[in-house]
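What's counted below: heavy atoms across the whole structure, side chains too, no hydrogens, waters or symmetry copies.
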Amino acid sequence: MLSWLESAFAWLGYTFVNRWGAFERGYRRPYARFALRLRFAFYPLLVLVALGWLAWDWNHERSLASAENAIFDQVIKLRPWEPKPSGKVVVVEIDDCSIEYYRRLGEGGWPWSRQRHADLLDALDRAGARAVGYDVQFIEPSNSDPIGDATLEAMAAGGRGRFVFGSTRTPAGFDDSPGALPVSQAPGAFALATQPRRPGPRVALLQPYGEAMARNSALLDITRDSDGVLRDIPLRKAIGDWALPSLSLRLAAGVQHRPLAGYPESIRVNWRTHGQLPYASAADLIEGRAVCDRGGAMAALDGRTAVVGYTAAGLNDAKPTPVNPAMPGVEVHAEAVEALLAGTAIWMPPAGFKYLLAAVLVLLSGFAFWRGEPAWEIDEVFVASNLALLVVAFVGLTAFGVFFDIFAALGFVSLCFGLCRVYAATQRGRAVGNDDYRPQFDPERDRWLALARLRFEPDPGLDRRALGRRIREYRRRLRGWLYRGTEAAALEGVVEYKSWLWESLVDVTVLMWGGPDRDTVAATAQRELQALREHLAGHDDVLPDDGSVRVASLISVAVAQDEPIAQTRARVCSVLGRLLASTDERPLSAHDSFSADDEAGSELRATARPASPPA
């Protein structure tokens, strides 16, 4: 049974490799012919396409930025720790318990009377709240509670800016309506330019009914990202040379005594998954005792900033955030105030940084491959540097509140780098005579072989480091010539490996040409070696060789009449061995033609003339 299984697996392995090889040849050979025509123009074309896409995406959908936002949502949930609330901001919620408590007292449910809101504001004032933001709109006076309206308006006037009420901007189509006013005259409006135009464009606002309340109002409007998730909270609404502050901005500026124009346009909150801002129930504050059981002591309010809003079921203006798909709107405003007062907002580079980084890395990748396929160690450096950048971005967000949104940008660059490597692999596969990329040695066609051993001989006096650089540069130039398309097949030695054997052969490359007769194969080899000499010499004005390329050549019968394939393979191995063991070599610049003793089958060519200057 074991013998049968061994035979079956051997047959399956052989069959699969052959079938799979045929499948690969089906698409790799056409691709190699395409690469032979396009040559090294592929890399600048890829760079142009990549840069063009980055420019188009920046001016249109910004899908790269959207991808970064989606990654941010995951990273902020995966971090091992998150900042704790500073305690400077308290959320005062009009919750189900508060509404139900006063309903049982016969006051009805929601909406509350204006007097009840005045009582809540008075309770916050008596509790020592430093400032209060009211995330409830009072657009029109109440027909049933005029005294409550007057009380609320009086408290707004007495607060002298400590109490900020909510307003909202109507759609821009209403800016020409009779109720619109110049933006410079809107509550809290501040100039964005040193010499703003007055009175500025007209703007339609839904403001609180009272004069003092309207004067101390700010926008409740919050815009979301394109995917509907709220990550960045706007702090102002720019209209011409002027801007209207948000509720969170006006609250924070009043507490910190800073000008409104000194804050950024928007902030990204350091969203918390586990921690939560301190909460207090509205009914508890109004009654001065624990009416609603929240499972702990009521949050202290003395010297703190309070943000009031409703969280009751059916009233909650929930907004999706990275950590909560239905976060109450009042908590969103409170988180923005917390970020401003505690300085915990996430710092992020400018929006175009990730596009600029991607563009620079794509340019560097394209240039590196355009010069010639870089060593395989570059892949390790590329992966390691990308991982290091990702770790820095993750640690920065976790420990320092700094987020470099470069995850998707590095993914895009990795895609371009991978395409370059795949294309270079096609060029290399053809250069080394890989059967997947071009037909290999065919005994029926290649009856004669011409071989040339190339070796870089450095000038005397080069130290070890300089020698290593010169050999690497020589091999890069040689790869560039081979990848541009030749009839020669090169041994795999043109690719760099780290082992003692390859260290011994680091500067040795063998090229082989096949042909139907001696004259044809000799002419082909001679023509291409001349082209190689011109290619290497063409770079001397930029990078000196500090050495010369030495050549040993051989021409031989490869296949005898009616010779079995095993004997042909042995003959080729023998010819290659003779070439590698040869000590008869001359400068590439002195190479003139191949010669061989046809009767002997193969002999090394002797030097025919004095050496010319090195290539």
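- When all heavy atoms of Pro374 and Arg421 are compared, the closest pair comes out as O-NH1, 3.3 Å.
- With a 4.5 Å cut-off on side-chain heavy atoms, Val132 and Val164 do not count as touching.
- Looking at every heavy atom in both residues, Glu331 comes nearest to Tyr279 through OE1-OH, 2.8 Å.
- No side-chain heavy atom of Val383 sits under 4.5 Å from any side-chain heavy atom of Phe417.
- Here the straight-line distance linking atom CD1 of Ile147 with atom CZ of Arg114 works out to 14.0 Å at 0.5 Å rounding.
- Under 3.5 Å, the side chains of Tyr101 and Glu107 contain no donor-acceptor pair of N or O atoms.
- Taken to the nearest 0.5 Å, the OG atom of Ser98 stands 7.0 Å off from the CD1 atom of Ile286.
- Shown here are the side chain to side chain donor-acceptor pair (under 3.5 Å) partners of Asp145, two or more places apart in sequence or in another chain: there are none.
- Within the 4.5 Å cutoff, side-chain heavy atoms of Phe353 are placed close to those of Ile406.
- Side-chain polar atoms of Asp57 and Ser63 form a donor-acceptor pair below 3.5 angstrom.
- In this structure, the side chain of Thr170 engages the main chain of Ala204 through a donor-acceptor pair within 3.5 Å.
- When each of Trp370, Phe42, Phe40 is tested with Tyr423 by the rule ring pair (Phe, Tyr, Trp, His ring centres under 6.0 Å), just one qualifies, namely Phe42.
- Between the side chain of Arg130 and the backbone N or O of Asp302, no donor-acceptor pair lies under 3.5 Å.
- A donor-acceptor pair is defined here as one N or O able to donate and one able to accept, closer than 3.5 Å; no such pair exists between the side chain of Ser266 and the backbone of Pro234.
- For the side-chain contact (heavy atoms from CB on, under 4.5 Å) test, residues two or more places apart in sequence or in another chain that qualify with Ser86 are Lys88, Glu338, Ala342.
- Put simply, the side chain of Arg162 gets close to the backbone of Ala129: a donor and an acceptor are under 3.5 Å apart.
- Heavy atoms only, all atoms of each residue included: Ser217 and Gln207 are closest at OG-OE1, 4.2 Å.
- Across all non-hydrogen atoms, the minimal contact from Leu260 to Ala253 is CD2-CB, 3.4 Å.
- With hydrogens and angles disregarded, a donor-acceptor distance shorter than 3.5 Å links the side chain of Asn59 to the backbone of Ala55.
- Without hydrogens or angle criteria, Arg215 side chain to Pro187 main chain gives no donor-acceptor distance under 3.5 Å.
- Side-chain N/O atoms of Glu153 and Tyr209 include no donor and acceptor closer than 3.5 Å.
- A heavy-atom distance below 4.5 Å is found between the side chains of Ile239 and Val183.
- Under a 3.5 Å cut-off, the side chain of Thr398 and the backbone N or O of Phe394 do form a donor-acceptor pair.
- Remark: Ala336 pairs with Ile233, Ser248, Ile267 by the side-chain contact (heavy atoms from CB on, under 4.5 Å) rule, at least two apart or across chains.
- Ring geometry, Phe404 versus Trp347: the interplanar angle exceeds 60°, so the pair is classed perpendicular (tilted spans 30 to 60°).
- Taking every heavy atom of both residues into account, Val47 and Val362 meet most closely at CG2-O, 3.8 Å.
- With contacts defined as side-chain heavy-atom distances shorter than 4.5 Å, the pair Leu397/Phe72 qualifies.
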**OP:** Start with the C-alpha distance between Lys77 and Asp73, add both sets of side-chain angles, then the distance that settles salt bridge (Lys or Arg N to Asp or Glu O under 4.0 Å), and finish with yes or no.
**Re:** CA-CA 7 Å; Lys77 295 175 185 177; Asp73 296 348; over 6 Å; no

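- When atom types are taken as modelled, the side chain of Glu68 and the backbone of Phe407 share a donor-acceptor pair closer than 3.5 angstrom.
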Subject >> salt bridge (Lys or Arg N to Asp or Glu O under 4.0 Å) between Arg371 and Glu473, intermediate numbers included >> reply: CA-CA 10 Å; Arg371 293 180 70 244; Glu473 176 61 22; 3.7 Å; yes

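- Residues forming a salt bridge (Lys or Arg N to Asp or Glu O under 4.0 Å) with Arg62 (at least two apart in sequence, or on another chain): none.
- In this structure, the side chain to side chain donor-acceptor pair (under 3.5 Å) partners of Thr168, at least two apart in sequence or on a different chain, are Asp221.
- Considering only heavy atoms from C-beta on, Asp96 stays 4.5 Å or farther from Glu100 through its side chain.
- Contact between Leu341 and Gln256 at its shortest, heavy atoms only, is CA-NE2, 3.5 Å.
- For Ser142, the side chain to side chain donor-acceptor pair (under 3.5 Å) partners at least two apart in sequence or on another chain are Ser144.
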**OP:** List the steps, then state whether side chain to side chain contact (heavy atoms under 4.5 Å, CB included) holds for Leu301 with Leu124.
**Re:** CA-CA 7 Å; Leu301 288 163; Leu124 289 168; 3.8 Å; yes

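- In this structure, Arg258 forms a cation-pi arrangement with Tyr263, its terminal cationic atom sitting closer than 6.0 Å to the ring centre and no more than 45° off the ring axis.
- Every residue two or more places apart in sequence or in another chain that forms a side-chain contact (heavy atoms from CB on, under 4.5 Å) with Ala118 is listed here: Gln115, Thr151, Leu152, Met155.
- By the 30° and 60° cut-offs, the orientation of the rings of His60 relative to Trp56 is parallel.
- No side-chain heavy atom of Ile139 sits less than 4.5 Å from a side-chain heavy atom of Pro208.
- Among residues at least two apart or in separate chains, side chain to side chain donor-acceptor pair (under 3.5 Å) pairs with a member in residues 173-191 are Arg169-Asp175.
- Applying the ring pair (Phe, Tyr, Trp, His ring centres under 6.0 Å) test to every pair with at least one member in residues 322-344, sequence neighbours left out, gives no pairs at all.
- Side-chain atoms of Thr344 do not come within 3.5 Å of backbone N or O of Leu340 as any donor-acceptor pair.
- Not a single salt bridge (Lys or Arg N to Asp or Glu O under 4.0 Å) links Asp135 to another residue, sequence neighbours left out.
- Asn69 and Ser66 share no side-chain donor-acceptor pair at under 3.5 Å.
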Original post:
Would Glu373 and Arg476 count as a salt bridge (Lys or Arg N to Asp or Glu O under 4.0 Å) if you check the C-alpha gap in whole Å, the side-chain angles of each, and the deciding distance to 0.1 Å?
Top reply: CA-CA 7 Å; Glu373 183 186 18; Arg476 184 191 67 80; over 6 Å; no

**OP:** Apply side chain to side chain contact (heavy atoms under 4.5 Å, CB included) to Thr305 and Val90, showing your working.
**Re:** CA-CA 6 Å; Thr305 301; Val90 177; over 6 Å; no

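- Here Asp232 pairs with Arg268 under the side chain to side chain donor-acceptor pair (under 3.5 Å) rule; sequence neighbours left out.
- Among residues two or more places apart in sequence or in another chain, the ring pair (Phe, Tyr, Trp, His ring centres under 6.0 Å) test is passed with His117 by Trp110, Trp112, Tyr134, Phe138.
- No donor-acceptor distance shorter than 3.5 angstrom exists from the side chain of Asp125 to the backbone of Leu121, with no hydrogens or angles considered.
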**OP:** Apply side chain to side chain contact (heavy atoms under 4.5 Å, CB included) to the pair Tyr43 and Phe367, showing each step before the final yes or no.
**Re:** CA-CA 7 Å; Tyr43 302 110; Phe367 180 71; over 6 Å; no

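- Between Pro141 and Pro146 there is no side-chain heavy-atom pair separated by less than 4.5 Å.
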